[in-house]
Each structure stands twice: as C-alpha cells, then as structure tokens.
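Worksheet for the structure shown next.
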Amino acid sequence: MPHAISPIPTQPINSQIANNAGVEISVLRLDLMHPTVNGNKWFKLQYNLLAAKQQNYTTLLTFGGAYSNHIYATAAAGNLLGFRTIGVIRGEETLPLNPTLSFAAQQGMQLVYVDRETYRKRHTPELQEQLRQRFGEVFIIPEGGCNLNGVRGCTEIVREVQTAFDTVCVACGTATTLAGLTLSLASPQKVFGFPVLKNGDFLREDINNLLTQYLASDLPAPYPTPAPWDLVCDYHCGGYAKVNEQLLAFSQEFTKIHDVPLDYVYTAKMFYGVMDLIQQGFFPIGDRLLLIHTGGLQGNLGMREKLKQQSIVNSW
Ligand SMILES: *Cc1c(COP(=O)(O)O)cnc(C)c1O
C-alpha cells in the first residue's frame, strides 16, 4: 500500500538531557510515511482493508469522535483504495465542519452523527445490525482500528528499523499499537506505553486480552511470546485531548530544537513523559530508546482552534 516513503525514516535526537543521562534517542517517524494515510492508524487499517477486500465488501463503516485520527485515516485510505466510507461520529453535527471532518467529507466519507448514548453501543451487535439495515453490506471496523487485524498490522511497525534499540516508547489510546509492538520485539527488548487517558492502568487488562486473543488466533506473530511491557500512567496531562501549559511549552520547545512536530493528544504527552523520565534517571545508562512517532498531526489544526476559543493559547 501507500508507503510513499520506505523504509520509514528513523531520526536520531541529539539531546543534552539524554547525553547527560547516558541514553540514546531515535524517533521512528511514522508521521512521514504518507501525506494523508500515515501513523499507526495506517498499520491498524491495513489488514482490516485487506480483509474487507477479500470478503468482497465495497463499503467501510467505522466510528470516531469529531477530531479522530482514525476517521481521517479511514476516509483517506478508503478513497485511495477504492472503498466507499461511512463515518459514524459521536455527538451532533457542528457547522462549519472542523478540519478533520471537513477533510473526511472531501475524501468522500459519508458522515453520520449519533448521540452519545447510541455511540456507547458501538460495539454491540444490536447497533451494528441497525447500521447494516440502514447502510447495507458494510465492513465494520471498530473505533481506533482496535481489533486483531489492527494488532497484526502493528506487528510490522518496527520491522524495517535499521537502528539498534533496546526500549520502545509509544503513546496509548486503546493500546492496540502497544500490543502489536510487544509481539514484534525480541526480549530483552521491551515497550513502555504512555496512556493519554486518565487512570490508564485499566489498559493492562485490555492489553492482556488482546494478546491472549491474538496468540490464540491463527494470525502470524513475529515472536511466539510478547516482549516485556509496562505502562507509565502519569503523563496524561489532565486526560484525553486535554493539555496544560507545561505540555504546550514542552511541545513547542522540542519541535524547535529537534525538528520533530508533535500532536497534542498523543505524541507530545509521550515525548514529554520520556524526557522527564530520562531526567529522573528512569532508563539505565546505555539504553537506546526508540520513540514511535505515531502521527496524528492533522489533529493539531482542530486543537488549535479549540484552544484559541478557550483563550488558553493566543500566541499561535
Ligand atoms: C490513535 C493514536 C494513538 C493510540 O493508538 P492505540 O493503538 O489506540 O493505542 C497514538 N498516537 C496517535 C497519533 C494516534 O492517532
């Protein structure tokens, strides 16, 4: 598929903080893979789209919030690969459309709005049946691409990385990406996940469930046992899609010094957490860190608008 750039670039980060702590940092730039279909969302989509094609579906239906990177990527990938797409969006329609939804609509995605209560039923067979009755034969991809096909795609993220590394760091929403990563590393390589939601510890059970189901399936795994993983739950900065002054300041500074743009919902929080942990001596001397840039930069447009309205940020 649409890897415009292959292999995916790995960018070394020359950081005084890391030098002082004796650790090395590289960033795997999934954000650079393709102009619109990039980041971990492409990896989570690829085997879902393949399954849809093999089962002769012509329409994809999926779910997301109004700023969703997954909605954006599904609209773009569907358009590129010749699928009709339907996005079931949480909440009411707001006009003019925000940049995410306006892009999705331009890609041909049909946007359907449902109230929060209905949205909560998105995983139930009842709602899915209703959607099939309304829209016909649709291939349903869960919110965020969180299923075993999604995990499978994420086992390929580090496949072509040429730089040697010991420790992978990744931001977590559903942790589908983290699950795929743990199956593609050779212990003692390990993964730290940084949940962007509050009280992210609940993800441990989700990760274990995904891994158990994956290993019980006949899907291929590069390694038969998951590499060690752990979660660092202290860098959510107030919760999902919330930001604070420290995070904004960190993100702008990091981008300026290292020329890596970060999104405020996911990657900024993970990078912030990693740099803070490095200063605390969390990683052993000699550790070679691989930070996964999972993309999501499209979301910054909408986030900036929101922050301006709340006058948290005037300086942009
Ligand atoms: C969706 C997303 C994540 C979270 O991925 P999960 O597999 O749900 O944990 C991380 N970073 C970015 C930029 C994303 O868009």
Side-chain angles (χ1 to χ4, degrees), residues 8 27-34 36-48 62-77 99-100 103-104 123 141-158 168-184 191-197 200-211 214 229-233 235-237 239-241 243 247 251 260-274 291-303:
I8 301 159
V27 179
L28 184 62
R29 298 284 306 267
L30 307 185
D31 59 310
L32 296 178
M33 282 162 51
H34 184 275
T36 54
V37 187
N38 63 42
N40 62 338
K41 294 301 182 287
W42 163 245
F43 284 93
K44 294 200 277 184
L45 280 172
Q46 58 175 337
Y47 287 105
N48 280 299
T62 195
F63 305 86
Y67 295 91
S68 164
N69 294 329
H70 170 71
I71 287 290
Y72 184 99
T74 306
T100 305
F103 171 85
H123 300 303
I141 302 174
E143 180 187 59
C146 177
N147 61 10
L148 297 188
N149 279 326
V151 175
R152 179 180 181 189
C154 292
T155 66
E156 298 180 0
I157 289 177
V158 297
V168 173
C169 298
V170 67
C172 295
T174 63
T176 312
T177 307
L178 180 142
L181 287 166
T182 65
L183 294 168
S184 57
V191 191
F192 288 105
F194 291 73
V196 301
L197 293 89
D201 270 316
F202 75 89
L203 283 176
R204 292 178 194 277
E205 197 182 330
D206 294 355
I207 295 165
N208 282 323
N209 287 340
L210 273 176
L211 289 172
Y214 193 88
W229 58 270
D230 205 351
L231 298 179
V232 180
C233 297
Y235 295 98
H236 56 73
C237 302
Y240 184 74
V243 295
L247 181 75
S251 177
V260 179
L262 300 172
D263 83 291
Y264 302 108
V265 180
Y266 293 101
T267 49
K269 293 182 182 181
M270 183 270 280
F271 277 68
Y272 180 51
V274 169
L291 278 54
I292 311 291
H293 194 311
T294 37
L297 294 170
Q298 69 84 21
N300 280 1
L301 288 173
M303 180 66 101

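Every number for a ligand or one of its atoms is a count from 1 in the order of the listing.
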Measuring from [X]:[atom1] to [Y]:[atom2], what's the distance to the nearest 0.5 Å?
| X | Y | atom1 | atom2 | value |
| --- | --- | --- | --- | --- |
| Thr176 | Lys44 | OG1 | NZ | 4.5 Å |
| Asp31 | Thr267 | CG | OG1 | 8.0 Å |
| Asn147 | Thr174 | CG | OG1 | 9.5 Å |

Testing Val168, Val191, Leu211 one by one against Leu178 for a side chain to side chain contact (heavy atoms under 4.5 Å, CB included), which residue passes?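 Running side chain to side chain contact (heavy atoms under 4.5 Å, CB included) over Val168, Val191, Leu211 with Leu178 returns exactly one hit, Val191.
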Close residues, ligand 1: non-hydrogen atom nearer than 4.0 Å: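 Residues near ligand 1: Asn40, Lys41, Lys44, Asn69, Ala171, Cys172, Gly173, Thr174, Ala175, Thr176, Thr177, Tyr266, Thr294, Gly295, Gly296.
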For the residue pair Tyr240 and Tyr266, categorise the inter-ring angle as parallel (less than 30°), tilted (30 to 60°) or perpendicular (more than 60°). perpendicular
With no hydrogens and no angle check, do the side chains of Glu156 and Ser184 hold a donor and an acceptor under 3.5 Å apart? no
